[in-house]
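The structure appears below as structure tokens.
Lettering of chains follows the sequences in order, A, B, ..., and the numbering in each one begins at 1.
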Amino acid sequence: MDPKFIRNFSIIAHIDHGKSTLADRMLEACQAVEKREMRAQVLDDMDLERERGITIKAHAVTIWFEKEGVRYQLNLIDTPGHVDFNYEVEKSLQACEGALLLVDASQGVEAQTVANAYLAVEADLEIIPVLNKIDLPHARPDEIAEEIEHSIGIDATDALHVSAKTGAGVQKVLEAIVDRIPPPTGNPEAPLRALIFDAVYDEFRGIIVYLRVVDGRLAKRHRVEMMGTGKMYEAVEIGRFTPQMKPTDELTAGDVGYFISNIKRLGDVRIGDTMVIHKGPKVEMLPGYKPPSHMVFADFYPTNSGDFENLREALETLSLSDSSFSFEPVTSEALGFGFRCGFLGLLHMEIIQQRLEREHDMDMIQTAPTVTYRVETKSGEQREIHSPGQLPSADQYEHLYEPIARATILIPSEFIGPVMQIANDHRGIYVRQEYLSTTRVQLVYDVPLAEIIYDFYDKLKSATRGYGTLNYEISGYKADNLVKLRILVNGSEVDALSSIVHSEQADPRGRAAIKKLRKEIPRHLFEIPLQAAVGGRIIARENIAALRKDVTAKCYGGDITRKRKLLEKQKEGKRRMRQVGSVEIPQSAFLAVLGDREGSK
Amino acid sequence: MTSVAPGTPLYVHLPFCVRKCSYCDFYSVVAEGQDIDGVLDALLHELRLRAPERPRTVFLGGGTPSFFSVDQLARFFDELERCTGFRTASEEVTVECNPESLDADKARALFELGANRLSIGVQSLRPEILELFDRPHRVEDSWVAWEAARAAGFQRLSLDVIYAVPGQDLAQWERDVATLLAHGPRHVSAYNLAFEEGTRFTRWLAEGRLEALPEELELAFFESTRRLLAEAGLEAYEVSNFALTGHECRHNLNYWANGDYVGIGPSAASKLGRTRFGNARSLSSWRAAVAGASSGLASPDWSETLTPPKSLGETWWLGLRTRRGVSAHAARATAEWSGSDANDPALALARELAAQGWLTQQPAGGWTLTERGLPVADAIARRFLDVEESVRAPVEARE
Ligand SMILES: Nc1nc2c(ncn2[C@@H]2O[C@H](COP(=O)(O)OP(=O)(O)O)[C@@H](O)[C@H]2O)c(=O)[nH]1
Ligand code: SF4
């Protein structure tokens with residue numbers, strides 16, 4: 001197809017602003033799917049995604065739109081909506097020439113939208129502001145247009161007004177895509193270069209590679225090579241998403257589609273890699289491949305220590321379909337054998353943990369996440385620290401560095417005071433402040449990533465009654481006065497409960513952790529002392545009183561099974577408990593060192 | 001159903017009550033408007049189908065068995081005699097009675113029909129507590145019923161009471177215990193009030209209309225009850241049961257020994273060998289099942305298989321509730337656990353807990369809870385119930 005008739009675009013939107021609904025409407029308008037067989041929101045297809053309302057993995061769909069008698073091929077490339085998946089967003093945007101900036105006209109711009117819009121601006125995309133939900137009586141399209149101009153710095157005077165719900169304005173959106181987004185510029189006659197912007201694991205077909213052909217053509221049976229990995233494959237099947245996978249014989253410059261070979265592991269494919277013809281003419285690699293960088297680490301231990309091998313298998317299987325987490329065996333004095341896992345961020349961690357539990361039926365204890373620290377030893381050697389246990393004793397190192405995040409916070413202006421307070425409490429350093437409209441403010445702070453993981457986001461949400469949004473990116477490492485906060489249960493240190501904190505926060509955080517542990521650890525037949533310490537100095541202590549009375553009054557023949565089940569049910573929680581010494585510690589307690597959150601999720 | 005060994009203890013559940021007490025989670029239905037004779041017919045039918053011959057003990061529980069009229073009771077006992085020959089075979093025949101429905105005529109009738117032990121649901125000597133319980137009787141009624149039972153000739157009588165009620169005063173309860181003892185009972189069942197799932201009490205607790213007593217106070221009630229009754233010669237022979245020597249309830253002792261039994265009536269459970277199973281907790285489902293059973297279609301509402309490891313944990317749990325305690329050897333026999341002292345996980349646990357002062361071994365060899373262990377019997381029970389799992393995964397050692 002002549003690239004002149006192709007438009008590649010994605011939709012940048014905050015959760016719930018209507019991306020899926022708008023995509024549905026567009027597909028419907030172009031009859032890509034029959035209305036009656038339309039499952040609501042065809043683009044999100046993983047259970048977890050549906051539940052969480054986020055798109056974890058990018059997807060793509062090709063639709064055909066006729067304008068003034070000309071048929072255009074519109075490729076909608078879906079982008080994940082969360083900061084953890086920033087790199088995927090970047091790659092997806094790189095495969096486009098334009099983006100719809102979709103904003104809920106009753107809510108306004110959110111931090112994440114701004115961050116992704118910046119990425120689109122950087123990638124030189126044509127941005128079309130679209131104000132959704134104008135059917136709502138409290139929609140404020142003009143005010144929101146102004147917010148867009150202030151926060152992103154693009155002209156929003158001709159923003160489109162739509163209601164994805166009623167379909168009003170959707171036709172205009174399709175027309176704007178054709179009129180305003182430039183066609184791809186690649187050369188169909190040049191040697192093949194295709195950008196791999198995503199890949200997903202399919203149980204039956206192996207890895208499905210999502211690609212954008214930048215130059216040249218890719219035909220079925222072609223032998224190709226990935227420039228980054230040097231791996232060679234044959235194009236067993238290529239095709240487009242309509243949204244079902246529909247094979248074609250050829251994809252040419254400007255096209256978006258998929259590629260299937262016999263690729264077994266997702267780890268074999270790099271997002272951002274360049275696909276070329278094997279032994280073809282020399283071409284330049286497309287810019288921008290980066291290996292996944294793990295900002296958050298946590299340890300997983302099987303609840304039942306006999307399940308260590310099963311956990312390994314589960315992690316291996318999971319890594320077929322998610323190549324962006326890492327795992328390596330670790331040993332904890334308290335918890336035995338487990339795995340230290342690295343994640344793109346907190347959400348990514350939760351997703352992996354839930355998938356292990358749901359898809360692999362694993363019962364695990366997960367430690368509180370920690371960020372990646374860097375330590376410089378006396379001998380000048382630099383090392384990464386992925387858990388408090390790895391930290392050498394204080395006299396062994398010169399400096400301890402922690403990752404700093406540049407945090408962009410969008411809030412209604414009435415909350416400025418409390419939010420600045422929260423930022424200060426979390427060691428934030430003020431960078432700037434900007435009014436987006438009379439009622440909304442953007443604050444920028446440099447905050448240690450550890451603080452964001454601790455409870456910054458939860459605090460922000462509750463202080464702003466849910467209206468505050470946060471986005472961040474890692475801006476560098478900084479040395480600070482950090483110490484190890486040790487937690488002792490029944491007299492012995494439990495490494496998995498320890499954490500690294502700023503020395504000035506050690507006291508309050510130690511007290512908070514001990515208080516939380518007191519609530520989370522069930523009473524035992526004996527009294528359990530809990531202590532928090534920095535080095536040898538005890539900074540907080542509490543006791544869990546011994547059980548005094550715990551006996552069923554009535555127990556006769558008709559009751560025995562029922563009463564036993566009751567006793568076992570009280571034990572049930574134990575499925576997620578680990579015995580540490582003579583104390584049983586439930587999963588929820590391991591997250592106790594994580595700020596003011598209510599229990600585990 | 002497999003044939004049942006003659007002598008197996010028999011329980012019959014008579015499900016009607018005048019009204020539903022606010023704390024009660026037994027299966028019972030308010031009698032008004034119910035087809036009582038129809039239910040009685042179904043009970044008799046189930047007796048014919050399943051009652052063991054010559055049961056060692058018989059226990060009529062409920063509900064309120066004394067709610068049945070003299071005529072209805074006569075029909076019941078006569079049929080029971082025809083099916084089982086209990087009048088000559090059973091050493092103990094207990095009927096649970098409530099004060100509002102036990103008068104002189106009924107007491108005499110029960111005695112003549114073959115009962116030899118009554119358990120009277122006094123529950124409290126405090127009018128305000130009876131009111132909170134929503135009981136249909138007054139304090140005085142309990143003593144009228146008590147005298148009627150004695151006059152009818154019953155030697156073996158028990159009083160049922162509940163303590164540690166929200167707002168209850170310990171000193172006052174101690175006086176109530178003295179009043180109880182003044183009537184000369186040889187058996188008392190005294191229960192710490194429990195908030196059972198699905199009861200009005202539990203709802204009130206959740207709504208904040210009731211407040212449970214603090215743990216320390218409950219413990220004081222528990223200990224003082226044991227002490228006062230023991231001083232009067234009524235030793236605790238189980239967590240909540242107290243008797244003069246020889247007056248223990250043998251039927252219940254069999255439960256705590258994890259022995260076999262047959263239960264008849266709605267909600268009743270049976271244990272036969274490695275199976276425990278039960279009837280539906282619903283009059284209509286139970287009646288349908290009983291009707292189906294005659295055409296060979298019956299299956300219990302639920303059942304579970306007691307594997308040797310499960311049964312071993314249970315046997316220790318139940319046995320430790322009693323003064324008699326548990327002999328490791330006998331527990332293994334009950335549980336059909338083939339093994340010896342050397343590889344008995346329950347015995348190993350008993351030794352571990354004994355070293356910590358929770359259990360002790362009697363000179364005769366039986367293991368019992370210590371005075372310290374008794375109030376936390378459930379926490380200890382959970383350890384024994386864990387034995388099942390430790391047996392399932394014996395290889396990996398705990399660090
Ligand atoms: N009133 C109204 N509701 C909408 C509109 N578009 C989407 N919604 C609703 O907003 C919610 C979020 O939409 P969805 O498409 O799932 O958002 P996504 O998270 O961005 O994919 C859903 O309940 C939609 O029904 C609209 O134009 N008007
Ligand atoms: S009389 Fe007994 S069985 Fe009936 S409702 Fe009251 S406590 Fe329950």
Which atoms of B/Tyr11 come close to chain A, meaning under 4.5 Å heavy atom to heavy atom: side chain ones, backbone ones, both, or neither? neither
Sort and list the pairs that fulfil ring-ring contact (aromatic ring centres under 6.0 Å, His included) and have at least one residue in residues 529-558 of chain A, not counting sequence neighbours. A/Tyr556-B/Trp256
B/Glu218 versus chain A, heavy atoms under 4.5 Å apart: side chain, backbone, both or neither? both
Should we count NZ of A/Lys563 as having more than 12 external heavy atoms under 6.0 Å? yes
Part of B/Glu314 lying under 4.5 Å from any heavy atom of chain A: side chain
Under 4.5 Å heavy-atom distance to chain A, tell me which part of B/Leu318 shows up: side chain, backbone, both or neither. side chain
What part of B/Asn241 gets closer than 4.5 Å to chain A, counting heavy atoms only: side chain, backbone, both or neither? side chain
At a 4.5 Å cut-off on heavy atoms, which part of B/Val376 comes close to chain A: side chain, backbone, both, or neither? both
Quick one, B/Trp317 with B/Phe384, criterion ring pair (Phe, Tyr, Trp, His ring centres under 6.0 Å). Give me CA distance, side-chain angles, the key distance, then yes/no. CA-CA 6 Å; B/Trp317 156 44; B/Phe384 280 97; over 10 Å; no
Are there over 12 heavy-atom neighbours, none belonging to A/Arg523, within less than 6.0 Å of that residue's CZ? yes
Residue pair B/Arg276, A/Thr561: steps toward the side chain to side chain donor-acceptor pair (under 3.5 Å) verdict: CA-CA 8 Å; B/Arg276 196 182 291 117; A/Thr561 294; 2.9 Å; yes
Heavy-atom pairs under 4.5 Å with chain A are the metric here; pick the option from B/Arg321, B/Glu216, B/His251 that has the most. B/Arg321
When the 4.5 angstrom heavy-atom criterion is applied to B/Ala268 and chain A, the contacting part is neither
Check the side chains of B/Thr334 and B/Asn258 for a donor-acceptor pair under 3.5 angstrom, ignoring hydrogens and angles. no
Heavy-atom proximity to chain A below 4.5 Å, by part of B/Phe26: side chain
Max heavy-atom pairs within cutoff under 4.5 Å with chain B, candidates A/Leu547, A/Val580, A/Asp559, A/Ile560, goes to A/Ile560
Which atoms of B/Leu374 approach chain A - backbone, side chain, both or neither, heavy atom under 4.5 Å: backbone
Residue pairs passing the salt bridge (charged side-chain N to carboxylate O under 4.0 Å, His left out) test with at least one member in residues 256-266 of chain B, sequence neighbours excluded, are B/Asp260-B/Lys271
Assess whether side chain to side chain donor-acceptor pair (under 3.5 Å) is satisfied between A/Thr303 and A/Asp363, documenting all intermediate values. CA-CA 5 Å; A/Thr303 312; A/Asp363 264 333; 4.8 Å; no
